[in-house]
Amino acid sequence: MTLFRRLLAPALLLAAAAAMPAWAQAPATAPDGIAIEQPWTRAAIQGGTGGVFLTIRNAGTAPDRLVSVSSPLPRVTELHTTLRDGDVMRMQQMQSIEVPAGGSVALQPGGLHLMLIGLSAPLRPGESVPVTLTFEKAGAITVSVPVQAAGARGAPHAGH
Ligand SMILES: [Cu+2]
């Protein structure tokens with residue numbers, strides 16, 4: 001019985017490790033990979049839209065790519081960039097956002113941002129909203145995005 005248990009225990013550990021989803025192992029590689037810094041968004045009404053701003057840092061030696069974003073609150077979440085079209089600033093959807101090796105990409109008002117469209121509840125200052133960013137190599141990273149007052153840190157975000 002003792003011998004059996006000695007053999008069985010490592011086997012069970014191996015089985016447990018194999019059954020763990022990929023995301024459960026993500027922290028092991030995170031120091032070399034992608035980090036999300038200083039996420040924030042602004043107050044918005046129910047049914048409205050909100051821009052999410054943050055910095056993506058890639059400590060790895062290979063480029064990575066933000067390929068999708070999701071959140072339980074909005075109906076749709078998109079990657080956007082902002083383009084100047086004459087005197088008008090226009091937002092355009094992006095399929096992905098490249099993050100260079102050893103570099104970072106800033107998502108900020110007037111530039112790249114994540115767009116929460118069709119909010120099922122208002123974004124209230126002091127609260128936060130979970131947003132999951134999925135990268136080609138680093139996989140899914142969920143951050144808690146604090147809500148700041150409307151008009152915080154920069155020009156108001158243009159609506160759709
Ligand atoms: Cu937008």
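Each residue takes its place number in the sequence, starting with 1. In listed order, ligands and their atoms are each counted from 1.
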message: Just checking: T49, one of its N/O/S atoms, less than 2.8 Å away from the Cu ion (ligand 1), yes or no?
response: no

query: Any luck finding a side-chain donor-acceptor pair between S144 and S128 under 3.5 Å?
result: yes

query: Would you call the rings of H113 and H80 parallel, tilted or perpendicular, where under 30° means parallel and over 60° means perpendicular?
result: perpendicular

query: Out of the N/O/S atoms in H80, what is the name of the one closest to the Cu ion (ligand 1)?
result: ND1

task: Examine all N, O or S atoms of M91, backbone included, and report whether one is under 2.8 Å from the Cu ion (ligand 1).
output: yes

message: The test is side-chain contact (heavy atoms from CB on, under 4.5 Å); show your working for L133 and L54 and say whether it passes.
response: CA-CA 11 Å; L133 296 88; L54 47 82; 4.3 Å; yes

query: Are S71 and V131 side-chain neighbours, meaning at least one heavy-atom pair lies under 4.5 Å?
result: yes

